[in-house]
Amino acid sequence: MGLLDILLGRTRPVAPDLDQLFGLPSAAVTLEVAAGFRPTGSGAVCFATVEGGAFEQTHREVQALLEADAERDGPPVRLSRDEYGYSWLVSERTPDQLPELVNDLHAVNSAMEVNGFGPQLLCSLAGFENPEGRRLALVYLYKRGTFYPFAPLPGAQQRRDNPLELRVKAALGDDLRIEQDLNRWFPLWGAPGL
């Protein structure tokens, strides 16, 4: 960053740090103790939909890589599109396989990045649930290198449990790099893997 950038208040964007994803298993222990949420085994990577042969080839390679795991339980990795036009690559594991799920999320992000689709990556999430059936996601913002909690309230209305999200933020501050700008805590209504 040059002197002119400093004087004009411009900053460089934070470089993605996919290794931050490997903090999720230890954060899951803290989350269970602090708020009673346990992993569901579901996770997903969200990216802007891309058309073309190169992207389709990357998608097939990633899916084949993840499905080649001999210890995979449950449904195969699947691609879905949400109502907003974004694509999600969804991985399902058993709830006790959070480290394997994190490896899946890391592999998808890495493969997309290596094949030139890093700018299309938006976020990754891992799903959690408490004994009462409430859902929560820990969301990794690819372009920021940070996490935030997303806790939708049950029901048809699109509402969030903001007090729970703030409690989770406080509880996980030592485990994960938490996004401090609350305006970047985007809602992920209807996200697969949540």
Side-chain angles (χ1 to χ4, degrees), residues 13-14 16-18 20-49 78-98 101-102 104-106 108-109 112 119-194:
V14 176
D17 181 5
L18 292 176
Q20 292 296 315
L21 289 168
F22 294 118
L24 279 171
S26 66
V29 173
T30 303
L31 185 58
E32 184 174 2
V33 170
F37 282 84
R38 300 194 56 176
T40 63
S42 296
V45 176
C46 180
F47 48 91
T49 302
R78 64 184 163 80
L79 179 69
S80 69
R81 290 209 168 105
D82 65 20
E83 62 184 273
Y84 304 104
Y86 295 105
S87 295
W88 295 81
L89 197 59
V90 183
S91 179
E92 301 281 342
R93 296 285 189 158
T94 60
D96 63 328
Q97 291 182 314
L98 183 59
L101 178 67
V102 168
D104 291 351
L105 300 177
H106 190 277
V108 171
N109 280 288
M112 297 274 293
Q120 282 73 33
L121 287 167
L122 301 173
C123 67
S124 298
L125 67 83
F128 293 82
E129 187 175 38
N130 73 4
E132 292 81 42
R134 291 284 314 280
R135 295 289 192 144
L136 170 81
L138 291 179
V139 181
Y140 175 75
L141 292 171
Y142 175 79
K143 291 176 176 61
R144 304 275 297 172
T146 56
F147 289 87
Y148 70 90
F150 172 62
L153 286 168
Q157 295 181 331
Q158 293 183 339
R159 297 180 332 167
R160 301 168 75 155
D161 188 341
N162 297 116
L164 174 59
E165 291 177 355
L166 293 174
R167 278 198 331 263
V168 169
K169 172 187 184 265
L172 297 181
D174 291 336
D175 294 291
L176 298 173
R177 187 184 300 160
I178 300 292
E179 176 59 53
Q180 297 302 313
D181 183 355
L182 301 184
N183 291 321
R184 294 188 183 273
W185 290 23
F186 304 110
L188 299 174
W189 307 120
L194 177 59

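Counting begins at 1 with the first residue of the sequence.
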> CZ of Arg135 to CG of Asp161: how many Å apart, nearest 0.5 Å?
Replying inline: 15.0 Å
>> Tell me whether Gln97 contacts the main-chain N or O of Thr94 through its side chain, where contact means a donor paired with an acceptor under 3.5 Å.
In response: yes
> Measuring from Leu121:CG to Lys143:NZ, what's the distance to the nearest 0.5 Å?
Replying inline: 6.5 Å
>> When you compare the side chain of Leu98 with that of Arg93, does any pair of heavy atoms fall below 4.5 Å?
In response: no
> Considering all heavy atoms of both residues, which atom of Gln20 and which atom of Gly145 are nearest to each other, and what is their separation?
Replying inline: CG-O, 4.0 Å
>> If I compare all heavy atoms of Phe47 with all of Leu89, which pair ends up nearest, and what's the gap?
In response: CE2-N, 4.1 Å
> Taking the side chain as C-beta and beyond, is there a heavy-atom pair between Pro39 and Phe128 under 4.5 Å?
Replying inline: yes
> Closest heavy-atom contact between Val168 and Leu138?
Replying inline: CG1-CD2, 4.1 Å
> Do Met112 and Val45 have side-chain heavy atoms sitting under 4.5 Å apart?
Replying inline: no
> Within a strict 4.5 Å, meaning less than it, do heavy atoms of the Asn162 and Glu165 side chains meet?
Replying inline: yes
>> Once rounded to the nearest 0.5 Å, what's the spacing between atom CG of Asp104 and atom OG of Ser124?
In response: 11.0 Å
> For the atom pair CD (Glu92) and OG1 (Thr40), what is the distance rounded to the nearest 0.5 Å?
Replying inline: 7.0 Å
> Does CG in Asp174 sit with more than 12 non-hydrogen atoms of other residues, nucleotides or ligands closer than 6.0 Å?
Replying inline: no
>> Using modelled atom types and a 3.5 Å cut-off, is there a donor and acceptor pairing between side-chain atoms of Gln157 and backbone atoms of Arg159?
In response: no
>> Could you tell me if the side chain of Tyr142 sits less than 4.5 Å from the side chain of Leu18, heavy atoms only?
In response: yes
> Does a side-chain heavy-atom distance below 4.5 Å link Pro149 with Trp185?
Replying inline: yes
> Yes or no on side-chain contact (heavy atoms from CB on, under 4.5 Å) for Arg81 and Tyr86, after CA distance, side-chain angles and deciding distance?
Replying inline: CA-CA 6 Å; Arg81 290 209 168 105; Tyr86 295 105; over 6 Å; no
> Between atom CG of Leu136 and atom CZ of Arg160, what is the distance when rounded to the nearest 0.5 Å?
Replying inline: 10.5 Å
> Counting N and O atoms only, with roles assigned by atom type, does the side chain of Lys169 sit under 3.5 Å from a partner on the main chain of Leu164, one being a donor and the other an acceptor?
Replying inline: no
> Are the side chains of Cys123 and Leu188 in touch, meaning some heavy atoms are under 4.5 Å apart?
Replying inline: yes
> Leu125 and Leu194: which non-hydrogen atoms are nearest, and at how many Å?
Replying inline: CD1-N, 4.2 Å
> How far does CG of Leu141 sit from CZ of Arg184, to the nearest 0.5 angstrom?
Replying inline: 8.0 Å
> At their closest point, which heavy atom of Phe37 faces which heavy atom of Arg134, and how far apart are they?
Replying inline: CE2-O, 3.4 Å
>> Please find the pair of heavy atoms, one from Ser87 and one from Leu79, that lie closest to each other, and give the distance.
In response: CB-CD1, 4.1 Å
> What do you reckon, are the aromatic ring centroids of Phe150 and Trp189 less than 6.0 Å apart?
Replying inline: yes
>> If you apply the rule salt bridge (Lys or Arg N to Asp or Glu O under 4.0 Å), what do you find for Glu129 with Arg38, and how did you get there?
In response: CA-CA 5 Å; Glu129 187 175 38; Arg38 300 194 56 176; over 6 Å; no
> So Leu153 and Gln158, side-chain contact (heavy atoms from CB on, under 4.5 Å) or not? Walk me through it.
Replying inline: CA-CA 7 Å; Leu153 286 168; Gln158 293 183 339; over 6 Å; no
> Does the side chain of Phe147 reach to within under 4.5 Å of the side chain of Leu24, using non-hydrogen atoms?
Replying inline: yes
> What's the verdict on side-chain contact (heavy atoms from CB on, under 4.5 Å) for Tyr148 and Phe186, showing C-alpha distance, side-chain angles and the deciding distance?
Replying inline: CA-CA 9 Å; Tyr148 70 90; Phe186 304 110; 3.9 Å; yes
